S.K.: 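Mind having a look at this structure? Questions to follow.
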Amino acid sequence: MRLHQLSLARKVLITTICLSLLLVFVPIVNAQVVEESDPFVYQTEQLNSEIRRLKIQYRGELEEYRNLESQFQINQQQYENLGTLAALEDARVATQVAMEARARVLKTYLALLKVTLLRQTGVEVDQKQQATVALDRVADDLDIHHQSFADQEFDRVELDQLSDEFEMLGFKVSDVSHRSLALLSTAKLQSVYDKAFILNQDMEGKLATMGGALKSAQRRRAFGETGRKLEAILPILQELHGDVRKETEDGGKTNFKGIYNRMSDGLQDTFSNLTQLTTFLQEILDG
Amino acid sequence: MPDQPLNQTEFAANEPLFEQRQQVEPKPDKNNSASTIDDQVSPGSSHKKSFLKKLWPEKLWKKMAVVGGAVFILLLVITLVLAIFNRPGTGGPILQTEKEKIDEQAIITPFKQRLNEIQGELEQSDPAQEELPFPPVNMEIRL
């Protein structure tokens, strides 16, 4: 039977069925189209995943190092007490193993610092770049040092030479690490300050004139206080940024560990003021 | 009846107090028909009054009184209205209505969420609680 010979009712029925099938299957096909994700969000998620992995690795390696370092202390004491070749051999093995474990811990720690620094907002671009380059450079030096005695056996004299080499390297590792820690600590507080500043502005724009006359006047006074608190925090933060920048421009000849320790008062002041500011904002929202 | 016997002399002396006084009407002045009691008291005041009556008739006085009263009330109302609307620093009702409170809450909730996030980030930024302290390793392992 040809199509034109079908009754009108059958034609309508066939058309309806075809349209229904079309309406069902087209959305299903379209739903399979993958949405493009924000590259920044994707990168942040990757960094977060890497940080989680490195933290687990670091904790494991640190625990292993603690056990080996304890064993090294025991064997060294035993050699000093007994003075035998057997005790010396045990001490030599324990020393080398402890040195290897220490190198692994420090390499993982440097990698963790680098990824954390890359993820952190509030750091100036040039400062972040210089710090990550410095971390990469010292991590390479540490790797070279580790590779020089990994899977090999050294006698007591060679181990002493390795210890001498590590002395300068250890200082560089500490210096670069504390520089990154100083940047991270300042950047964290800077990030909080920036968000609190914008929130205060938005709240003032919406809430300062809302409500009855009494509440409105009270809120205006409250936002005056929050504005003054923000103005008080800014110079402290700028000084912290200046401390890190100045020492970097001096060629890093000074000890960043000492600088980081000196920055602790400024960091604590900033933290206290930001805590009070958030308390004020909470009171405004609760009031 | 009082016990004391009446004293006819005293009674006669008090007689004028108990008699009705007859009002004495003033004799009309034949020369000035407009003269009144006021004239007898202060001569010339009725002349002034007749002059005022010519200048401002009694009906006009009544009209002026009504108009003046209306103008006074109008000025009073205008003054009150200006005083209410020109009050400094208010420009609106003092207390919030229930609807305004509900609308305000809808605006405040997102701010609270943002503030909670900031407070969480601030907790992690405590400089006394270093997230990644330098590893506690012995930098002088030596045999």
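Per chain, numbering begins at 1; letters A, B, ... match sequence-line order. Quick caveat, the model's predicted, so the values are computed rather than measured.
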S.K.: I'd like to verify something: which residue of A:Asp164, A:Thr270, A:Leu62, A:Val173 has the highest number of heavy-atom pairs under 4.5 Å with chain B?
M.R.: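 Maximum pair count with chain B is reached by A:Asp164.
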S.K.: Is it the backbone or the side chain of A:Ser177 that comes under 4.5 Å from a heavy atom of chain B, or both, or neither?
M.R.: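 For A:Ser177, the contact with chain B is made by the side chain alone.
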S.K.: Surrounding CD of A:Glu167 (heavy atoms of other residues, nucleotides or ligands, distance under 6.0 Å), is the total greater than 12?
M.R.: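 Counting other residues, nucleotides and ligands, CD of A:Glu167 stays at 12 neighbours or fewer.
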S.K.: Which residue out of B:Asn116, B:Ile107, B:Ile118, B:Thr109 racks up the most heavy-atom pairs below 4.5 Å with chain A?
M.R.: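 Between B:Asn116, B:Ile107, B:Ile118, B:Thr109, the count favours B:Ile118.
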S.K.: For the pair B:Phe134 and A:Leu113, evaluate side chain to side chain contact (heavy atoms under 4.5 Å, CB included) and give the outcome as yes or no after the intermediate values.
M.R.: CA-CA 10 Å; B:Phe134 191 77; A:Leu113 263 186; over 6 Å; no
S.K.: Identify which part of A:Arg66 has an atom lying under 4.5 Å from any heavy atom of chain B, answering side chain, backbone, both or neither.
M.R.: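 Side chain only.
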S.K.: Would you please go through residues 72-81 of chain B and name the residues with a non-hydrogen atom below 4.5 Å from one of chain A, in numerical order?
M.R.: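 Counting heavy atoms that sit under 4.5 Å from chain A, no residue of residues 72-81 of chain B is involved.
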S.K.: For A:Thr275, which atoms come within 4.5 Å of any heavy atom of chain B: side chain, backbone, both, or neither?
M.R.: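 Both backbone and side chain.
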S.K.: Is it the backbone or the side chain of A:Ile198 that comes under 4.5 Å from a heavy atom of chain B, or both, or neither?
M.R.: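 A:Ile198 touches chain B through backbone and side-chain heavy atoms alike.
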S.K.: Roughly how far, to the nearest 0.5 Å, is CZ of A:Arg92 from CG of B:Leu143?
M.R.: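 Output value for this atom pair is 9.0 Å.
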S.K.: Please look at A:Tyr58 and chain B and tell me whether the side chain, the backbone, both or neither of the residue comes under 4.5 angstrom of a heavy atom of that chain.
M.R.: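 Only the side chain of A:Tyr58 comes within 4.5 Å of chain B.
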S.K.: Please classify the contact of A:Leu285 with chain B as side chain, backbone, both or neither, using a heavy-atom distance under 4.5 Å.
M.R.: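 Both parts, backbone and side chain.
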S.K.: Could you tell me which of A:Ala196, A:Ala94, A:Ser191 has the largest number of non-hydrogen atom pairs under 4.5 Å with chain B?
M.R.: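 Going by pairs under 4.5 Å, I would pick A:Ser191.
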S.K.: Based on non-hydrogen pairs under 4.5 Å, which of A:Leu169, A:Val192, A:Leu112, A:Leu189 is most in contact with chain B?
M.R.: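 Among the listed options, the one with the most contacts to chain B is A:Val192.
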S.K.: Heavy-atom distances under 4.5 Å only: say whether A:Asp202 touches chain B with side chain, backbone, both or neither.
M.R.: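 Its backbone and side chain both get close to chain B.
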S.K.: Regarding B:Glu117 and A:Lys195, does a basic nitrogen lie under 4.0 Å from an acidic carboxylate oxygen?
M.R.: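 Here B:Glu117 does not pair with A:Lys195 in a salt bridge, since their nearest N and O are not under 4.0 Å apart.
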S.K.: Could you check which of B:Glu131, B:Glu140, B:Gln124 has the highest count of heavy-atom pairs closer than 4.5 Å to chain A?
M.R.: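 The candidate making the most pairs under 4.5 Å is B:Glu131.
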S.K.: Please list all pairs passing the salt bridge (Lys or Arg N to Asp or Glu O under 4.0 Å) test where one or both residues lie in residues 278-287 of chain A, with sequence neighbours left out.
M.R.: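 Qualifying pairs: A:Asp286-B:Lys112.
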S.K.: Working to the nearest 0.5 angstrom, can you tell me the gap between B:Leu132 CG and A:Thr116 OG1?
M.R.: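 Result: 5.0 Å between the selected atoms.
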S.K.: Relative to chain B, which of A:Met263, A:Gln76, A:Lys257 shows the most heavy atom pairs under 4.5 Å?
M.R.: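 Option with the greatest count: A:Gln76.
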S.K.: Is A:Gln73 close to chain B through its backbone or its side chain, or both, or neither, when contacts mean heavy atoms under 4.5 Å?
M.R.: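 For A:Gln73, the contact with chain B is made by the side chain alone.
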S.K.: Checking heavy atoms, do the side chain of A:Leu207, its backbone, both or neither come under 4.5 Å from chain B?
M.R.: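 Side chain of A:Leu207 only, per the 4.5 Å heavy-atom cut-off to chain B.
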S.K.: Does any backbone or side-chain atom of B:Glu121 lie under 4.5 Å from a heavy atom of chain A? Answer side chain, backbone, both or neither.
M.R.: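 Its backbone and side chain both get close to chain A.
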S.K.: Under 4.5 Å heavy-atom distance to chain A, tell me which part of B:Pro133 shows up: side chain, backbone, both or neither.
M.R.: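 The backbone, not the side chain.
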S.K.: Within the distance-only criterion (no hydrogens, no angle test), does the side chain of A:Ser163 pair as donor or acceptor with the backbone N or O of B:Ile141 below 3.5 angstrom?
M.R.: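 Yes; judged by distance alone, with no hydrogens or angles, the pair exists.
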S.K.: Which atoms of A:Ser264 are under 4.5 Å from chain B, going by heavy atoms: the side chain, the backbone, both sets, or neither?
M.R.: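 Neither the backbone nor the side chain of A:Ser264 comes within 4.5 Å of chain B.
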S.K.: At a heavy-atom separation under 4.5 Å, does A:Leu106 approach chain B through its side chain, its backbone, both, or neither?
M.R.: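 It is the side chain, since no backbone atom gets that close.
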S.K.: What part of B:Glu130 gets closer than 4.5 Å to chain A, counting heavy atoms only: side chain, backbone, both or neither?
M.R.: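 Contact with chain A is through the side chain of B:Glu130 alone.
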S.K.: Can you confirm whether A:Glu239 is buried at CD, in the sense that more than 12 heavy atoms of other residues, nucleotides or ligands lie under 6.0 Å from that atom?
M.R.: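 No, because the 6.0 Å sphere around CD of A:Glu239 holds 12 heavy atoms or fewer from other groups.
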S.K.: Against chain B, label A:Ser174 side chain, backbone, both or neither, depending on which of its atoms sit under 4.5 Å from a heavy atom there.
M.R.: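 Both backbone and side chain.
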S.K.: Tell me, side chain or backbone of A:Tyr260 under 4.5 Å from chain B's heavy atoms, or both, or neither?
M.R.: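 The side chain, not the backbone.
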